[in-house]
Amino acid sequence: MTPEEEQAFLERKKAKRAGKRGFAEEGAVLGMTSLMDAITIIVTYLLKNYGSDPVVIAPTAGQKVPNSTADTPIQDGVPIYVTQRAITFMDRRVVQMDENGEVDPAALQGHLIGPLYDLLAEEADRAKKMAEGKGEEWEGRIILVGDQNLKFSVLVDVMYTAGRAEFREYAFCVVMKNQ
Amino acid sequence: MAKPRQSAEDDPQTQLLPVMNIMLLLIPALLLAMEVARMGAIEVRPPTSGAQAELGHPPKPEDRLRVFIGTDGFEVSVGKREGATTKIPVRDGTRGPEDLERYDFAALEAEAAVLAERGAVDPVVLLDAEGDVSMATLVAAMDALRGSECRLGQTRAGENPPDDCHFWNVIVEPGARSG
């Protein structure tokens, strides 16, 4: 049987089957309108969620941010991600931690974390110039996104370093408990 | 009579497929950017930030509440460093220092409530800890000192915090205990 004959055979078979059921075979049409409605609702919901916070905090892999009953929203600031493996700033892994979760001694001068200080000072200069250009006062806020098992000694080192880079305000990022 | 010519314009149809394509690309992009957990912030201050002056009533140094978090529990004192100290021992000493069940946060909150009730001290707390104390413990202690029913989220526009809030202004001061 040639392909044309096979096609004609299938058409006849379809028509015969439709005749038996008492109505003509309908062509399948993809209903796009209802699908569009659903997708529009999903996109609107996601866009609303996306635009609600001034800073998007994306904890690094394996990082667990501590839970808190605090209900204060995050204000605009520069996030520093501190885990037991590394300190990450501006998507750059700045300092490695040792096996005890302490800052690598080679990067530490007293409480000052050298490589982090360099980047923070650079960021502070840039942010100050931007604020000056806008005619606003520079807030100098750091958002510390720390791991829940992060040691207090490391936290103090990071805060000290940020303070030396002229950042004046600090906020600990937490996951709000269900209230 | 000649039959009117039927052009493509007579049967307008919205081209939904390109719109659908864009929408389906937007959904995964927005899902990736969406916050899975709601993030909040706890504002903390370094010792030299002049947090007290911002409150409008510079406190006497002896009015300050000092809390030290050690691996053996909390030490709460009001006033000078050598002043009387209330010790709140750990609840379950068999648990590790990173385990929140180790500490008696309820007792700390009760102590904070008593001190706040007396009204003799400022809502400022000087917080210090041993180097090994975890960030989760620090945050939980801040929650307890602030009060579990305290909701500062609605009172940021220059209003006074609610009466449920005890010690909500945290100054992280390493070495506050040892002096």
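Chain A is the first sequence line, chain B the second, and so forth, proteins listed ahead of strands; every chain is numbered from 1. In this text, all values refer to a predicted model and were calculated from it rather than measured experimentally.
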- Query: Would A:Phe172 and B:Leu138 count as a side-chain contact (heavy atoms from CB on, under 4.5 Å) if you check the C-alpha gap in whole Å, the side-chain angles of each, and the deciding distance to 0.1 Å?
  - Reply: CA-CA 10 Å; A:Phe172 289 167; B:Leu138 197 72; 3.8 Å; yes
[X], [atom1]: over 12 other non-hydrogen atoms inside 6.0 angstrom:
| X | atom1 | value |
| --- | --- | --- |
| A:Arg85 | CZ | no |
| A:Lys128 | NZ | yes |
| A:Glu122 | CD | no |
| A:Met130 | CE | no |

Check whether [X] and [Y] end up in the same hydrophobic cluster, where Ile, Leu, Val, Met, Phe, Trp and Tyr are linked by side-chain heavy atoms less than 4.5 Å apart.
| X | Y | answer |
| --- | --- | --- |
| B:Phe105 | B:Val90 | yes |
| B:Leu17 | B:Leu24 | yes |
| A:Trp138 | A:Ile80 | yes |
| A:Val95 | A:Leu108 | yes |
| A:Val103 | A:Tyr160 | no |

Does any heavy atom of chain B fall under 4.5 Å from the side chain of [X], the backbone, both, or neither of them?
| X | answer |
| --- | --- |
| A:Asn100 | neither |
| A:Ile42 | side chain |
| A:Val43 | both |

Please state whether the side chain, the backbone, both or neither of [X] comes within less than 4.5 Å of a heavy atom of chain A.
| X | answer |
| --- | --- |
| B:Leu100 | neither |
| B:Ile42 | both |
| B:Ala129 | both |
| B:Val44 | both |

- Task: Could you walk me through whether A:Phe152 and B:Val172 pass the side-chain contact (heavy atoms from CB on, under 4.5 Å) test, one step at a time?
- Result: CA-CA 10 Å; A:Phe152 181 71; B:Val172 175; 3.9 Å; yes
Atom of [X], atom of [Y] and distance for their closest heavy-atom approach:
| X | Y | result |
| --- | --- | --- |
| B:Arg146 | A:Ala70 | NH2-N, 3.3 Å |
| B:Ala136 | A:Pro66 | CA-CB, 4.0 Å |
| B:Met23 | A:Thr40 | CE-OG1, 3.7 Å |
| B:Met135 | A:Leu144 | CE-O, 4.2 Å |

- Query: What residues, two or more places apart in sequence or in another chain, satisfy side-chain contact (heavy atoms from CB on, under 4.5 Å) together with B:Leu16?
  - Reply: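 Applying side-chain contact (heavy atoms from CB on, under 4.5 Å) to B:Leu16 gives A:Met32, A:Met36, B:Thr14.
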Could you measure the distance from the [atom1] atom of [X] to the [atom2] atom of [Y]? Nearest 0.5 Å is fine.
| X | Y | atom1 | atom2 | value |
| --- | --- | --- | --- | --- |
| B:Ile27 | A:Leu46 | CD1 | CG | 7.0 Å |
| B:Ser134 | A:Lys151 | OG | NZ | 11.0 Å |
| A:Thr44 | B:Leu30 | OG1 | CG | 10.0 Å |

- Task: Step by step, work out the side-chain contact (heavy atoms from CB on, under 4.5 Å) result for A:Val175 and B:Arg38.
- Result: CA-CA 6 Å; A:Val175 173; B:Arg38 200 160 168 233; over 6 Å; no
- Could you walk me through whether B:Met39 and A:Val174 pass the side-chain contact (heavy atoms from CB on, under 4.5 Å) test, one step at a time? CA-CA 6 Å; B:Met39 296 289 188; A:Val174 291; over 6 Å; no
- Passes salt bridge (Lys or Arg N to Asp or Glu O under 4.0 Å), A:Arg141 versus B:Glu43? Steps please. CA-CA 10 Å; A:Arg141 181 190 300 275; B:Glu43 302 287 330; 2.7 Å; yes
- Query: Are B:Asp143 and A:Ser68 linked by a side-chain donor-acceptor pair shorter than 3.5 Å?
  - Reply: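 Judged by distance alone, the side chains do pair up.
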